[in-house]
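Below you'll find the structure, written out as structure tokens, and then a few comments.
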Amino acid sequence: MSVDLDSGPSTTTSRDWYFPSPPPIVYSNPNLPKYPRRFSQNPPLSRPPFRRHASSSAVAAAATPPHTTFHNARLRRRAGFTRWTDLPPTSDSSDSVSAPKVETSSAVVGDNASGSKKIKLNGSQLRIRWKMAITVAILITAFSSLLYQNFSLHDQVNELQEHIYELENLLQVHNVSRIINDGSDSVHHVPSKGLKRLALFVSVTLLSIPLLVLKYVDYVSRSRSRSSENSSEEVSLNKQLAYRVDAFLSVNPYAKSLGLLVATLLLICLGGLALFGVKDDSLAECLWLSWTYVADSGNHTNSEKFGERLVSVSISFGGMLVFAMMLGLVSDAISEKFDSLRKGRSEVVEQNHTLILGWSDKLGSLLNQLAIANESLGGGMVVVMAERDKEEMELDIAKMEFDFKGTSVICRSGSPLILVDLKKVSVSKARAIVILAEDGNADQSDARALRTVLSLTGVKEGLRGHIVVELSDLDNEVLVKLVGGDLVETVVAHDVIGRLMIQCARQPGLAQIWEDILGFENCEFYIKRWQQLDGMHFENVLISFPDAIPCGVKVASLDGKIILNPDDSYVLQEGDEVLVIAEDDDTYAPAALPMVKEASFIHTSRPARKPQKILLCGWRRDIDDMIVVWRGSLPRDFIVPTKEEKILFCGWRRDMEDMIMVLDAFLAQGSELWMFNEVAEKEREKKLIDGGLDIERLENITLVNREGNAVIRRHLESLPLESFDSILILADESVEDSAIQADSRSLATLLLIRDIQAKRLPMVTHVQNGSFSPGSWIGEMQQASDKSVIISEILDPRTKNLLAMSKISDYVLSNELVSMALAMVAEDRQINDVLEELFAEEGNELQIRQADLYLFEGEELSFYEIIIRARQRREIVIGYRLADAERAIINPPSKSIRRRWSVKDVFVVIAEKE
């Protein structure tokens, strides 16, 4: 179908190609406030006005040659394009404006058409071009619409987020104000961006203030140092500040922890303020984030903005520094606590324990005896405090070769002269306190013991237990008791050992008996009240205990005075307690009186009692008891004849004058005492006189001085060793501080003396009581031991095994015996009165009696019958040693069983001193 262009206006100019885009979506809310928009609401791509498109169509129509047939007219009509003639008429002004343009275009087209051939368009090509144009227009329109909607939606989202943030702040401020003002509805000012900037500025300022202060202090110190170069010396400001900080840290124990806490809080607060300045979160949320950054340095990885990352990294660095400081403080605290435990600085929380103050060679034996004593109780607690390192003490105790039997030993380092150290070992709750004497000078050791007693009496809480003090000199005992009063019990070790050595020299085998009685391994002394024994005579009490041997009575009417070996006629009163020798405190009890056959006394001459004249000056409330005791002190029924003796002392002790006075009281007149040591003769006399000995007043003995070394053979050969009745090898004063060295010297002296004696004495063809051959050197020494008694003072318990195996000497285990006595007094302070009497110069003592004093050869008697016969001599038999036995049996079992005895047997008795 052809279209005639002359029929009217061109139809090609009446088609509009503008497809309008949908209008933008605007979310309007009348309740929301009006805020300026960040982007313009006009679309980025604008379309020309309708009339501009119409003019272009007119120009195209003018350029179309006449009489041109369009084959796509049907298509255009189907598409429904609007004709130009169908549009409403425009104003005159528009026609006037468009007309010249059309005319100009028509003229140009006309000129071109006149100079060229007529072009006949192909319908298919024109269709393709139209489709492409339509497609491009649609794509451009869709893209522009989407872009516009994107920018519009982004703007609206930002506005909504900002509005929501403001509403949340309003709600938070409203809640806080309501809590503070008790329900007030007023709304405070919402933090704005200015407030955030202020928070960031404050945090940076506070962080820079310490640096400025340090710079200022350094500047002032330098300026002062320059100005005072020529003047007097002045301490700089930075040194003064450093001194103040050091003093604060040293004086306050929690200064480091407090400083770390303050630094952590400052870091959290400053970090929170800085985060509040760079983040959109609230201040509380920023403070919490700051704490998480300090606690874990990896939490800042979620930060997105540059400011947030910078602040979070800074807080994380500070947190790592705080964490390192905290680790250092914790490590130092743990190390200090372990050092305190290792060095024994911690407090002992115990009660009813035994406290030992000091350290000496006697400690091992003392701990052994305490462990044996507490075995029946399942073990005890012993605390040792000395001025030594705790680890060294524990190591030395671990090396001791004995079983603690459940007893625990706790060591602490400290001085017994300091009250703080005494409180550290719970001194007020201890049931017994043992003060050991120090090795070395006797006066210095006793002076330190005296100061320790003064410190103990100054404890404000008071003392629950008693104090056992080991003294070195008998002269200092009165002073210590004066200071300590009734709390103190003293054991004068050196003087006790000296007297014990003299007793053992006169009665061989007595050392082993003392070792059995003082130690807790066998039988020991116990005091207990038995109500069923009230009104019974003491002679019946003696045979009332099948498993114990009564030795004395603690008289209640004499304020608890213990009477050893009382008279048979003494009747036990109410409150009296019985002193016995038993295996343990729970192994004995009184029983019914046994049927004992009348044990007639063997016929021995009893000397007539001589009348005595006694004057009592003054009056005492217990004068009647004194008369009874005096009346019961009968003379002996049997007196052992005495003869002159010859005794040798090898070595020098600081209590030599006391031993000489004891010997002068015991020995018969005309006896000789030889002293062989390295001390010069003039110096000996001076020491003896300074010790209180008046040589001119000695009645029974004569002193013979010889100078020499006891470990040199030629010096010993100058002595008549075969003529001495007893030889005492003393632990020399020069080496008594070292137990091993002193024992080595004593053992060497013993072997040399026995060898010299064996060479000088006639040979015997048989050796008794030994398993060594007669030709051996030990066999020869055993022959010499039958002629004379040698008593060796041994300090180390390990040395006694050598002497016990060789059987060439009786020994006195001095340190162990003193430890036994200390342990026994620590367990029961009443026993100290018994020991003091047994070791004293007057009163009762342990003695060894021959069996022919109580029985005939082959006579059959029970032990009860022997006790009754011994009571006729006013002696208490506590044990016996058979002729073919090596050790004595104390408190024998089966006392009522009769057996055959020999006159070569010996009995151990408690009797008055001769």
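- Summarising the local packing, CG of Leu593 is surrounded by more than 12 heavy atoms from other residues, nucleotides or ligands at distances under 6.0 Å.
- Glu793 contributes a side-chain N or O that, together with a main-chain N or O of Ala731, makes up a donor-acceptor pair within less than 3.5 Å.
- At least one donor-acceptor pair under 3.5 Å links the side chain of Asp743 to the backbone N or O of Leu795.
- Contact between Val578 and Pro550 at its shortest, heavy atoms only, is CG1-CB, 4.1 Å.
- Between Glu539 and Arg871, none of the side-chain N atoms (NZ, or NE/NH1/NH2) sits under 4.0 Å from a carboxylate O, so this pair counts as no salt bridge.
- Side chain of Ser902 to main chain of Lys904: a donor-acceptor pair is present (N/O by atom type, distance under 3.5 Å, no hydrogens or angles).
- Pairing each heavy atom of Phe863 with each of Gly879, the nearest pair is CZ-N, 4.0 Å.
- Taking the side chain as every heavy atom from C-beta outward, Leu370 and Glu827 approach each other to under 4.5 Å.
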### Task
Would you please test Asp396 and Leu363 for side chain to side chain contact (heavy atoms under 4.5 Å, CB included) and show each step?
CA-CA 10 Å; Asp396 291 342; Leu363 180 63; over 6 Å; no

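- Here the CZ atom belonging to Phe404 is positioned 11.5 Å from the CD1 atom belonging to Ile372, to the nearest 0.5 angstrom.
- Annotation: side chain of Phe907 is in contact with side chain of Leu855 (closest heavy-atom distance under 4.5 Å).
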#### Entry: Verdict with supporting geometry, Phe856 and Val903, side chain to side chain contact (heavy atoms under 4.5 Å, CB included)
CA-CA 7 Å; Phe856 297 103; Val903 293; 5.8 Å; no

### Query
Stepwise, does the side chain to side chain contact (heavy atoms under 4.5 Å, CB included) test hold for Val382 with Ile410?
CA-CA 6 Å; Val382 180; Ile410 300 175; over 6 Å; no

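- Without hydrogens or angle criteria, Asp576 side chain to Ala556 main chain gives a donor-acceptor distance under 3.5 Å.
- We find the CG-CD1 distance between Leu355 and Ile433 to be 5.5 Å, quoted to the nearest 0.5 Å.
- Contact annotation: the side chain of Arg881 never approaches that of Ile513 to less than 4.5 Å [non-hydrogen atoms, C-beta and beyond].
- The heavy-atom pair separating Ile397 from Cys411 by the smallest distance is CD1-SG, 3.5 Å.
- Annotation: Lys481, atom NZ; neighbour count of heavy atoms from other residues, nucleotides and ligands within 6.0 Å is above 12.
- Under the 4.5 Å side-chain criterion, counting only non-hydrogen atoms from C-beta, Phe520 is not in contact with Met820.
- The nearest pair of heavy atoms linking Glu860 to Arg898 is O-NH2, 2.7 Å.
- Annotation: side chain of Val906 is in contact with side chain of Gln850 (closest heavy-atom distance under 4.5 Å).
- Under a cut-off of 6.0 angstrom, the local environment of CG in Asp486 is sparse, with at most 12 non-hydrogen atoms contributed by other residues, nucleotides or ligands.
- Atoms CD1 and CG, from Ile791 and Leu750 in turn, are 10.5 Å apart once rounded to the nearest 0.5 Å.
- Distance alone, capped at 3.5 Å, is enough to place a donor-acceptor pair between the Asp905 side chain and the Ala883 backbone.
- Rounding to the nearest 0.5 angstrom, the gap separating the CG atom in Leu357 from the CD1 atom in Ile435 is 6.0 Å.
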### Derivation of the side chain to side chain contact (heavy atoms under 4.5 Å, CB included) call for Arg887 and Asp516
CA-CA 10 Å; Arg887 301 183 65 88; Asp516 291 342; 2.9 Å; yes

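- When atom types are taken as modelled, the side chain of Asn540 and the backbone of His537 share no donor-acceptor pair closer than 3.5 angstrom.
- With hydrogens and angles ignored, the 3.5 Å screen pairs a side-chain donor or acceptor of Asp446 with a backbone N or O of Asp473.
- With rounding to the nearest 0.5 angstrom, the OG1 atom of Thr452 is 9.5 Å from the CD1 atom of Ile467.
- In this structure, Val453 and Val488 have side chains that are in contact, with non-hydrogen atoms separated by less than 4.5 Å.
- Not counting sequence neighbours, Asp403 has no partner by the side chain to side chain donor-acceptor pair (under 3.5 Å) test.
- Gln573 places a side-chain N or O within 3.5 Å of a backbone atom of Val571 that can act as its donor or acceptor partner.
- A heavy-atom distance below 4.5 Å is found between the side chains of Leu822 and Leu436.
- Summarising the geometry of Ala511 relative to Cys504, their closest heavy-atom pair is N-SG, 3.4 Å, with the distance given to 0.1 Å.
- Residue-environment remark: CD (Gln532) exceeds the threshold of 12 foreign heavy atoms within 6.0 Å.
- Between Tyr854 and Trp901, the ring centre distance reaches or exceeds 6.0 Å.
- Using a 4.0 Å cut-off between a side-chain N of Lys or Arg and a carboxylate O of Asp or Glu, Arg529 and Asp534 qualify as a salt bridge.
- Ring geometry, Tyr588 versus Trp530: the interplanar angle exceeds 60°, so the pair is classed perpendicular (tilted spans 30 to 60°).
- No donor-acceptor pair closer than 3.5 Å links the side chain of Asn374 to the backbone N or O of Met381.
- In this structure, Ile502 and Met659 approach most closely via the heavy-atom pair CD1-O, 3.4 Å.
- Proximity of Glu875 to Val877: side-chain heavy atoms (C-beta onward) are nowhere separated by under 4.5 Å.
- Atom CZ of Phe538 sits about 7.0 Å away from atom CG of Asn565, to the nearest 0.5 Å.
- Not one N or O on the side chain of Lys362 forms a donor-acceptor pair closer than 3.5 Å with the backbone of Asn815.
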